[in-house]
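In what follows, a structure is listed as structure tokens, so that the remarks can point back to it.
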Amino acid sequence: MRTEESPPVRLADYRPPDWLVETVELDIALHPEATLVRASLLLRPNGIGGVPAPVVLDGEALALRSIKLDGATLPQEQYVTTANRLTISQPPQRPFRLEIETVINPSTNTQLQGLYRSGSTYCTQCEAEGFRRITYFPDRPDVMAIYTTRIEAEKAHAPVLLANGNLVARGDIDGGNRHFAIWHDPFPKPSYLFAMIGGKLACVEDHFQTMSGQDVTLRIYVEPGKEARCGHAMESLKRAMRWDETAFGREYDLDIFMIVAVSDFNMGAMENKGLNTFNDKYVLASPETATDADFDRIEAIVAHEYFHNWTGNRITCRDWFQLCLKEGLTVFRDQEFTADGRSRAVERISDVRALRAHQFDEDAGPLAHPVRPAQYHEINNFYTSTVYEKGAEVVRMLQVLLGPQKFRTGMDLYFARHDGQAATVEQFVQCFADVSGRDLSQFMLWYSQAGTPEVVATGSYDALRRSYRLELAQRVPPTPGQTSKQAMVIPLAVGLVRRDGGDLPLKLGDGRAADRGVLTLTEPHATLVFADVDQAPVLSLNRGFSAPIKLITNLSADDLRFLARCDGDLFNRWQAFHGLATRLLIDNVSTLRAGTAIAGEDSGLTDALAATLTLGGNEPAFVALMLTLPGEAEIAREIGQNVDPEAIFAARSALKMMLGNKLAAPLFDHYRRLSERIPYRPDPAGVGWRALRNACLDLLVATGKSDAIAIAVRQYQAADNMTDRIAALSTLTLCDVPERRAALDNFYDRYHGDPLIIDKWFTLQATIPEPATLDRIKELTAHPAFSFGNPNRVRALIHAFALGNQKEFNRPDGMGYGLVVETVLALDQKNPQLAARLLSALKSWRALEPGRRALAQEALRRVSAAPSLSPDVSDIVRRSLAED
Ligand code: PHE
Ligand code: ZN
């Protein structure tokens, strides 16, 4: 156990390993309480430094049975074991074989790292540092070895035995009571990508022919009886495999690709070579059990894990500081994949909304850290939105700066140059510098400077000179450990929009044209003058969200309304509307807090929406996004300090109600038109129709009027798919009407026995914005369908409350924080990773108004005062409370 005072791991202290591992042969005899692991490692000195180095292996929760060096038992005085290491201080300075036998207990492993059990299935999770809980090993990603895995088990308990790579042998032993399987993975890999599975699993099989004509067997393993819900995951996998060939020239490289779905999983999924393990939530789907959003997420996650085969596995990370090298890049790739499969603008808006909701919040609070952190106490706490989503934005900016072709050439170079290596961010960026001839050293600040840059843009038109002057100023706010910042490279896609909606040519005063419509800000301030501008244009900046910044402009409400209708860039059309709504909501929050009633004035929001609704020509999914107001957490972040979540909730609800009332006619009209017997189809068009229809319903129900409620009830009952059923139920749960309880009870009766659907039922109840919710959640924790041992259940109920119910989580009596803190403390001994994630829901505490701020701080202090915290939770609580 590491203690709170243990020094951090620092990027600056990186040293290459003294010993490498050439091959690993594992022989694992599965047993519920005493699994025997025999590991045979071929070790080789790395030949750096020239001084004899000890062999230091990581190991945790292992019972050592025996250790042999080149076949001879190693005498006790030649090695030392501690709680987390095995050290041979004077090994021979030449290659040798080490054979280690350890015993582990998968049944008591509640952390879900290493070898554990999900139900009766044996499964492993090794990223980031779980392999050391299976055997003694140099458990660091820059030690890449070739693995051969033999697994044996009682046939009745584990008829299916899987590991990474290709199957090379299998057979019976012990007269057929036991059996074994041997898997060989020819690609060198770090230990975090090791995986094995043993259990009673059913499988669905398909095939894929790669671009060079290789046949690949595809298998998805699930609990028997769930096979019918694997179709979407399988189709997604095949689409992803094809897309990676066409978009990036990347082909799959083994005979078989397997996905195994398990019910107990700390994260979404894991990219183990040839054997991805998945949280079953991200595999299982049918129209009756999963929503359109679930379908989309499954597709994105299946693709994400598959894409890791090249970005993560073939080329891995030198050390955990380089985590964004695989995660940011792979998120970028999965976003592009999704964008190619449906509307690019809709995908971009959804991604940016998620980025602002999670990453901007992280960047604005005490847990802010750079995309590549410089130090950590607990690496598990750095699987964050900053590393993933902002990491993806940084890759996207390279694409914006270089243009798509050069970017692709850079990627090709990266794959060619670093295949089989454990690489760094510098090596990645160097590839783009090499293909473009650009100096990207200032760009590297995106990896080392935390915080969301703010850009103030002031435009003015000079009719006399027929010129448009744009002044830009950037600033990066201070973040923990980084008080003063340097100017960043900020690529800004720009448009000057004419009255008729077209774009004016971008001719800079010095005669240069803006390269592909992109201006690159590199200084703290810059002034640009556009020439030959024959009418006053409206500025459209950061189109497509070309940089992950906060943009402050001098655009008037009129300008925003104009852009919301006419901007040729769909992202900015949405952004303009979103900006208008945000401004209005912030004003209304102040009005409410001053004790005044909100005026009926809406700065033209209704008109803009009415125009969008009637304009035609807009994609339904896009219009649905326009109809969705900024979330409460986002409004809170825009307000930034002295935040009153109750006033935000009230202002947002009032605006929804007002829009629902004023736009009742077109909303009803749309709702009806879209209801006219559209048979359910899971394709993008069907998804768009449902999204729009349900966005209309949500605004109508927000009026609280009985005709709208009746429509929601009818939709709930008549729905032939989960999307429409959940949409109706979730809008109903926001209203304190008797129909709500009846519908929730009906939902439980329909779906009890199906844990993934009952999770939706937990979430809906946890997010009811009323004071009774807190007690209801406590009641639900005792419900037979709930369990603190299963991460999906905890996330569905407690996490959903803390993140999705801003008003009740931030109750003025502090009891919302109390619930979260009690859950964190109860969970911490069992599953520290899950506990730490839940605790980070309190990260925005400093932005709250004084009363709540004090209560939240007290709650955090209660955690920090608790005895024997895990390294995971103590790291989060220490950083959350740190004065900076
Ligand atoms: N590497 C996984 C991904 O694809 C996430 C993960 C991290 C899963 C750590 C388990 C443990 O993003
Ligand atoms: Zn990933």
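Order of appearance sets the numbers: ligands from 1, and atoms from 1 within every ligand. Every heavy atom of this structure was used, including side-chain atoms; hydrogens, water molecules and symmetry mates were not.
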Exercise. Start with the C-alpha gap between Q111 and R133, add the side-chain angles, then the distance that decides, and say whether side chain to side chain contact (heavy atoms under 4.5 Å, CB included) holds.
Key: CA-CA 11 Å; Q111 295 190 17; R133 295 165 58 82; 3.4 Å; yes
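Sorted by chain and number, the heavy-atom contacts of ligand 1 below 4.0 Å come from Q125, E127, M267, A269, M270, E271, H304, E305, H308, K326, E327, Y383, Y388.
Between the side chains of K273 and N309, a donor-acceptor pair is found at a separation under 3.5 Å. Of the N and O atoms on the side chains of W183 and N164, not one donor lies less than 3.5 Å from an acceptor on the other residue. Between the side chains of E362 and T386, a donor-acceptor pair is found at a separation under 3.5 Å.
Salt-bridge annotation for R239 and E299: present, with a side-chain N of the basic residue lying under 4.0 Å from a carboxylate O of the acidic one.
Counting backbone and side-chain atoms alike, E271 contributes no N/O/S atom closer than 2.8 Å to the Zn ion (ligand 2).
Shortest distance from the Zn ion (ligand 2) to E327 is reached at OE1 (N/O/S atoms only). The N, O or S atom of H304 lying closest to the Zn ion (ligand 2) is NE2.
Side chain of D334 to main chain of H304: no donor-acceptor pair is present (N/O by atom type, distance under 3.5 Å, no hydrogens or angles).
In this structure, Y252 has its ring center closer than 6.0 angstrom to the ring center of F257.
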